[in-house]
Structure formats: C-alpha cells, structure tokens
Asker: 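Below is one structure. I have some questions about it.
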There are 2 protein chains.
Amino acid sequence: MVTIGDVAKAAGVSRSTASYALSGKRSISPEVTQRVLDAVAELGYTPNAGARALRTSQTRVLALFAQFVEDEFAPAMLEYIKGVTDTARELGYDTLLVSDDDGVGAVQRLARSRMVDGFVLLNVAEDDDRLEPLRQVPQPGALVGLPGDPSGLDVFDLDFEASGRMMVDEMHALGHREMILVSQPEDVVERGGAYVWRLADAAKDRAASLGIELHHYFAASSQPQIGEDLHRFLDAHPGATALLLNNEGAAAALPAVLHARGLSAPEDLSVVGRYSDVFARTFSLPFSAIDSAADRLGRHAVHQLVGRIEGSLDKASPHTVELIAPEVHDRGSMAAPPAA
Amino acid sequence: MVTIGDVAKAAGVSRSTASYALSGKRSISPEVTQRVLDAVAELGYTPNAGARALRTSQTRVLALFAQFVEDEFAPAMLEYIKGVTDTARELGYDTLLVSDDDGVGAVQRLARSRMVDGFVLLNVAEDDDRLEPLRQVPQPGALVGLPGDPSGLDVFDLDFEASGRMMVDEMHALGHREMILVSQPEDVVERGGAYVWRLADAAKDRAASLGIELHHYFAASSQPQIGEDLHRFLDAHPGATALLLNNEGAAAALPAVLHARGLSAPEDLSVVGRYSDVFARTFSLPFSAIDSAADRLGRHAVHQLVGRIEGSLDKASPHTVELIAPEVHDRGSMAAPPAA
DNA sequence: CCGTTCAGTCGAATCCATTCGACAGTGTTC
DNA sequence: GAACACTGTCGAATGGATTCGACTGAACGG
C-alpha cells in the first residue's frame, strides 16, 4: 500500500512537508503543495486509518446500535439506519453497525478499543442497561428513544404524549365520541417500550377530559393473531367509530379485517395510525398517520453527536432532550362518524 | 485508556511478555500468564484497535455495502443486513455499513485506508461498476447477487431460473393452464436487476414447453400505481387462474385488489410469490412464496469471505458461485383452478 | 563438571501519520 | 548593516501492539 512516505518521495519532499501540504496546518509553498497533490493523485494515496487513529485518537467512525427484535416491525428500523448512515457520511464519518446481543459488552469493547468516536443507540428502552456503561465511557452517546433517565446523554424522540393527545383531538374534532386504541404487544412494553404507555396514557387523559369513551387494548404484532385481535375489539365495541393504531402490524392487517366485516374507512370507521410514512405508503389501504420521523431523528442524533465529538464539548456539559412534535399526514381515512 | 504497558507494569513483566501471554504465541509460565490475565481483568484492558491494525494490517472489520434504493422493497434489505452482521460477529468481526452513493469511491477509500479486511456487496447488479475496483483491491469480496461477470469474486444468490420454473411447475401440477407473471418495475431491471429476467425467462421457457399460456408484465412497486396495474392485468386475462408475483409491492397490494374484485385466493385465483418469509408473514393475506433466503445468503457470503481473509487464500484462487435452490413455502394460497 | 539445550523473558524495531521544535534563507526595519 | 520576523522545510518523537533476536538460568547428558 502507498504511504505518505511514498508520496513525499515522489514529490521530492520530507514526510512532514507532505503531511502539512495535505492538512494545511502550516503554510507550504504553492509549488510544493501542487507536487504533493499530484503525487497523491498519481499514486492513489489514502491515509492509513489505523495509523491516523493511533496518532490522533480519532477514528471518524460512529457505532450504531440497532437491535433487531423479532416482533417489532422491521421496516421502520431501516429508515432510522439510513438516516444515521447518510448523515454520518455527509459529515465525514463511517458507521459501524452493531447488532450484538450483548449490548453492554459491545459498548465497552468498542469504547476501550477506541474503534469509534461516538455511539448512536436506536430503540432505547425505558430502563436500558446499555446506558450505564455508555455514561462511563469517554466517547459521547446519542439516543433515539427516551429512557427513564436520560442524564449524560443526548436524546431524540417523537413526542409520544403529544401524539396520543393529537389522535384523540383529531377524532374528537370530527365528532367521534367512542374510540378504540390498539397498542403494540405487551411484551414490547415490558421490554422497555415505554413510549407505548406514554402515548396511551396521554390519550386516555385527553379522552377523559373531553368526556370520550376510549377503549385501550394491546394486540399482537403479526398475522394471523393480530387479525383475530382486531375482530375481537370491534365486536366488543359496536358503538366505536374511530380506531387509533399504535401498532404497525395492526395497520397491515386492518384491510383484510375491514373487508371481512364489510366495512370501509372512513365511511364506517375512521382510522389514524402512528408509524413511518414509508410504511404507510406500502400498505394496501393508505391510512392517515402520525409519521414517526425516523430519518429526521437519526439525522438530529448524528449532528448532535458529531458536534460533541468535534467541538469536544465536555461530556458533562448540558445535554439535550429533543422531542419532536407529531404531525398527522392525512391520507383520507378520517371523517365524521356515520350518522347513527 | 489502559494500554498493554499498564497491564505489563501491573503484572510486573515487560510489554512483550504480556503480549505473548495474551496471544499464546510463545510459551510463558503459568504463573506469569495468570498475573497478566488478572491485570487485564482488573484494569479492563482491550487492545487499541488502531495500533493493532497498524501493526498486523488486519482490522477485523468487514465492509457491508447496502444501497437503499427508493423503489426496491426495504424490509427485505434488513434481513440481509442482519444475516451479515450476526455472522460477522460470530466470527469475531465488526461490520461497517456503507450506503454511499459513490460505491466505487467508497470501495477505494476503505480499501486503501485499510479500514476493512473484506467487502460484502448486497444488491449486486448485472453490470455493477463497483466490481472492477473491487477486483483490483487487495481485500477479498463476496457478492450477494449474481452479476454478469463474477470473476475474481465469490458469489451467492438464489437460483432465480430454478425459481421461475418452480412457480410454473407448481401451478401446472395443480391444473392451471393460464397464468400471469408480475415482475418488478422495468427500471429495477435496467438498474441491473437481471434476476428479474432470469426468473421470467426461465418461467416463460418452462411454460412454453408445458404448453401453458404465461402473460408477463412489469409493474410498479408501490401504491397506488401497483394496484391499478394489477387490475389491468386481471382485466386483460379473464381466463388466467394463477398469479405469479416477483414483486413485493404487488403482494402487498393484492389483498385490496382481490377485495375490490370480489375474489378470494385460492378459491378464485391461486397465488405464489417470491420474497422473504418475514415479508410474507406481515401481509394481510399470507400468500405462498419462494423464500428469498436473505439471511442464509448473508451467512454464506460472510463465511466464505472470512475464510478467504484468514486462510489468506490467494485472491486468484478459484472462486465460488453458489446458487441456492428455491423452496416454496405453502401458506394455502395455491389450489386447483375453479371448475370452469 | 563442562557444554548444550530449551523454556521463559526482555529490549528494540516496526507499522504509518502527525506534529513539535529547529533551522536556513529571505525580506523588513531602524 | 545589524537585528528581527517570517516562510518554508526538515528531523525526530509519538501513539500502542506485535514480533524478532538475544539473553538468562536451570536441567540434562556424557
């Protein structure tokens, strides 16, 4: 492989001069600089990452922790990943994708070996055991997902409480007075998906203060169970005219369920979901939904992280908790309830 | 950070002795070895990756190239990624996820900077311009997807020709004599998705030799266009009793289309697809399908790649082209045609 | 009892890029 | 014309792990 020594030799200068010509950290005459640049182009020189990391203790690599959990809906994950890798690349960083079962060990391994300059964690749980090691490590960390204790870390998430209220408000404004909220399976919640609770609790509070009946259920996240669940909920509440979905699998299954019951949205039932736009577009019935803004969250997380790395902000300096405001994207599945 | 010097000092030995105690490359007395191990555990020593890479010219990192193309179906991608990262980790490697627009540049950058020991390329096109630089680089490469010229690289892919024949054969065996094959959009093919042609051509050949009518169409890959496309195809061929889908979007849209036409599978129309099992499970009607075996392909690619890295097989030594045999997973959407 | 062998250990060199201190040469200023 | 300030370069040190060659001391054979 070609080293800076080869470049220096080809340009007829010392290694240090070649280095300064490339970094611009000391003034080098235009002619010499040009000769160095020519040599670089001709020989195809790219600095050895290991040597540079060793010397500068910066790798220009970010660790991206993504846990691929069986029953959470996968397509959403890819959007987060894409948001992170693209943004990182724009800022001159590569991304190490970590799907280790042992998240705690992986944090320590990568931090101690100085393989990465910082950490992005997706899918952060309420009581995530990766956070403690992350706080003790010199590299900064950014989270997508709000944990119980966000101290010492930058956090980015959708505002799930506002989302819950917004769903109820939208339906209320259209005239609905009895609704069903379908959440993700309880084991998702147990694994730390507190956002499910945050949305549901906020929705219930709002419903109560508006004098609305809101029936809350957990449901499976995949076929065929989820279809049966939906039938059960609809059977149990014949007076409900609106369906709020915080469960991708339910959105996927709903078209078949509506078909089987001879119902249409929004004529017979108004529907609003909470999941990503890309997800919404691929389904056979495009339901209105609050976008989970996956790529935006990934973007923000990386920007903040890189800011901390390069600004070398003290790890102790004040941290962000940014909850982005929900927006309902109307795809025509919400309307006034049928005249009773 | 703690270095091997710290470990050596704590154990009361020289740096080289500590290194040999850990690597086992020279015999070291049991007592000394134990002291070194204790010091490592106590201090939490992990070798500095940059220093090790510099010295050994091995990084234990693989580059994974995944292009997130708008109209290819994303969920499938995640399965490939998972297969690769998990397998890499099992073998002691980390994975650098590259979604660079400039694939050629990224190959050269990562190879020259010695950031990675090898390359895995997903979504390889018929005439993929990343292959040429990849061949010229010292690190080995493994492809998922069969290009026109696979020389110098290890290739893993589903056997799409066998898949095309199998779809036709299955339907033929059930008694179907007129079928519609729906492929991915033509621009996917143009971008190099030759697998679309390989499947379609093989299916057409087989149909011809069995004396079956097979209508072949390209269709859009997302809503709402794909729904209209399907209606058009079914309108054009009222006698067709079987639908072969090599297009995930079509599978996603089909339930609504069937509903609209008052049809059911398999009573009125038999359906078989070609996509991943995970994908199939999330859709509102579970159609029978040939699994794309994403995780298996990723696994094989990584095993082969690591074998080449560690066995330091000559880059010129014989390369593999492994096409894995298709299997139809029956989910009940195929049956004999309705009695005419 | 001397010479040989070998297990066990250490010192020093190496991988490559970066950067500090030093220095030669030119130009500036009183 | 002497003192000073830059500019542009270079040499050498640095970062941390690995590994080759060399050395020590104990065991063993004759």
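All chains are named by letter (A, B, ...) in the order of the sequence lines, taking the proteins before the strands, and each is independently numbered beginning at 1.
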Asker: For A:Thr46, does its backbone N or O pair with a side-chain atom of B:Arg112 as donor and acceptor, under 3.5 Å?
Answerer: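 Side chain of B:Arg112 to backbone of A:Thr46, a donor-acceptor pair under 3.5 Å: no, none is there.
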
Asker: Is it true that atom CD of B:Glu42 has more than 12 heavy atoms of other residues, nucleotides or ligands lying nearer than 6.0 Å?
Answerer: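 Counting other residues, nucleotides and ligands, CD of B:Glu42 stays at 12 neighbours or fewer.
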
Asker: As a test of understanding, state which of B:Asp154, B:Asp117, B:Leu62 forms a side chain to side chain contact (heavy atoms under 4.5 Å, CB included) with B:Leu305.
Answerer: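 Per the side chain to side chain contact (heavy atoms under 4.5 Å, CB included) rule, the option paired with B:Leu305 is B:Leu62, out of B:Asp154, B:Asp117, B:Leu62.
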
Asker: Using five pairs at each end of the helix from C:dC1-D:dG30 to C:dC30-D:dG1 to define an axis, what is the angle between those two axes, to 10°?
Answerer: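 Computed angle between terminal axes is 50°.
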
Asker: Checking side chain to side chain contact (heavy atoms under 4.5 Å, CB included) between B:Leu96 and each of A:Leu97, A:Val61, A:Thr95, A:Thr85, which is the one that passes?
Answerer: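 Running side chain to side chain contact (heavy atoms under 4.5 Å, CB included) over A:Leu97, A:Val61, A:Thr95, A:Thr85 with B:Leu96 returns exactly one hit, A:Val61.
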
Asker: Sub-3.5 Å donor-acceptor pair from the side chain of A:Gln139 to the main-chain atoms of A:Val116, do we have one?
Answerer: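 Yes, because the side chain of A:Gln139 sits within donor-acceptor range (under 3.5 Å) of the backbone of A:Val116.
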
Asker: Under a 4.0 Å heavy-atom cut-off, which of residues 23-40 of chain A touch DNA chain D?
Answerer: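 Nucleic-acid contacts, sorted: A:Arg26, A:Ser27, A:Ile28, A:Ser29, A:Val32.
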
Asker: Going by atom types only, do A:Thr3 and A:Asn48 share a side-chain donor-acceptor pair under 3.5 Å?
Answerer: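 The criterion, which ignores hydrogens and geometry beyond distance, is not satisfied for A:Asn48 and A:Thr3.
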
Asker: Does B:Ser19 make a side-chain N or O approach to OP1 or OP2 of D:dT18 shorter than 4.0 Å?
Answerer: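 Checking D:dT18 against B:Ser19, a side-chain N or O does come within under 4.0 Å of OP1 or OP2.
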
Asker: Which parts of residues 1-14 of chain B get close to DNA chain D, meaning a heavy atom less than 4.0 angstrom away?
Answerer: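 Close to the strand are B:Thr3, B:Ile4.
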
Asker: Under a 4.0 Å threshold between the charged nitrogen and the carboxylate oxygen, would A:Asp127 count as salt-bridged to A:Arg191?
Answerer: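 Answer for the salt bridge query: no.
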
Asker: Check whether more than 12 heavy atoms from other residues, nucleotides or ligands sit under 6.0 Å from atom CD of B:Glu90, and answer yes or no.
Answerer: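 Yes.
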
Asker: Please confirm whether the backbone N or O of B:Gly50 pairs with a side-chain atom of A:Arg114, one donor and one acceptor, at under 3.5 Å?
Answerer: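 Such a contact is absent between A:Arg114 side chain and B:Gly50 backbone.
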
Asker: For A:Thr17 and A:Ser14, which I'm curious about, is there any donor-acceptor pair between the side chains at under 3.5 Å?
Answerer: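 Per modelled atom types, A:Thr17 and A:Ser14 side chains form a pair under 3.5 Å.
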
Asker: Looking at every non-hydrogen atom in both residues, tell me the closest pair between B:Arg135 and B:Pro150 and how far apart they are.
Answerer: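 So the two residues come closest at NH2-C, 4.2 Å.
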
Asker: So, A:Arg109 and A:Asp100, do they make that salt bridge, N to O below 4.0 Å?
Answerer: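 Looking at A:Asp100 together with A:Arg109, the answer is yes, because their closest N to O distance falls below 4.0 Å.
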
Asker: To the nearest Å, how far apart are B:Tyr20 OH and D:dT18 C1'?
Answerer: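 Result: 7 Å.
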
Asker: Enter the distance from A:Ser276:OG to A:Tyr80:OH here, rounded to the nearest 0.5 Å.
Answerer: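 So the OG of A:Ser276 and the OH of A:Tyr80 are separated by 8.0 Å.
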
Asker: What pairs with B:Arg60 under salt bridge (Lys or Arg N to Asp or Glu O under 4.0 Å), at least two apart in sequence or on another chain?
Answerer: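 B:Arg60: salt bridge (Lys or Arg N to Asp or Glu O under 4.0 Å) contacts with B:Glu310.
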
Asker: Near DNA chain D, counting only heavy atoms under 4.0 Å, which residues of residues 47-55 of chain A show up?
Answerer: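 Per residue number, the list reads A:Ala51, A:Leu54, A:Arg55.
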
Asker: Would A:Arg15 and A:Asp6 pass as an ion pair if we require N to O under 4.0 Å?
Answerer: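 No, no charged N to carboxylate O under 4.0 Å.
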
Asker: What are the bounds, 5' to 3', of the part of DNA chain C that sits under 4.0 Å from heavy atoms of chain B?
Answerer: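 Both ends considered, the range comes out as C:dA7 to C:dC16.
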
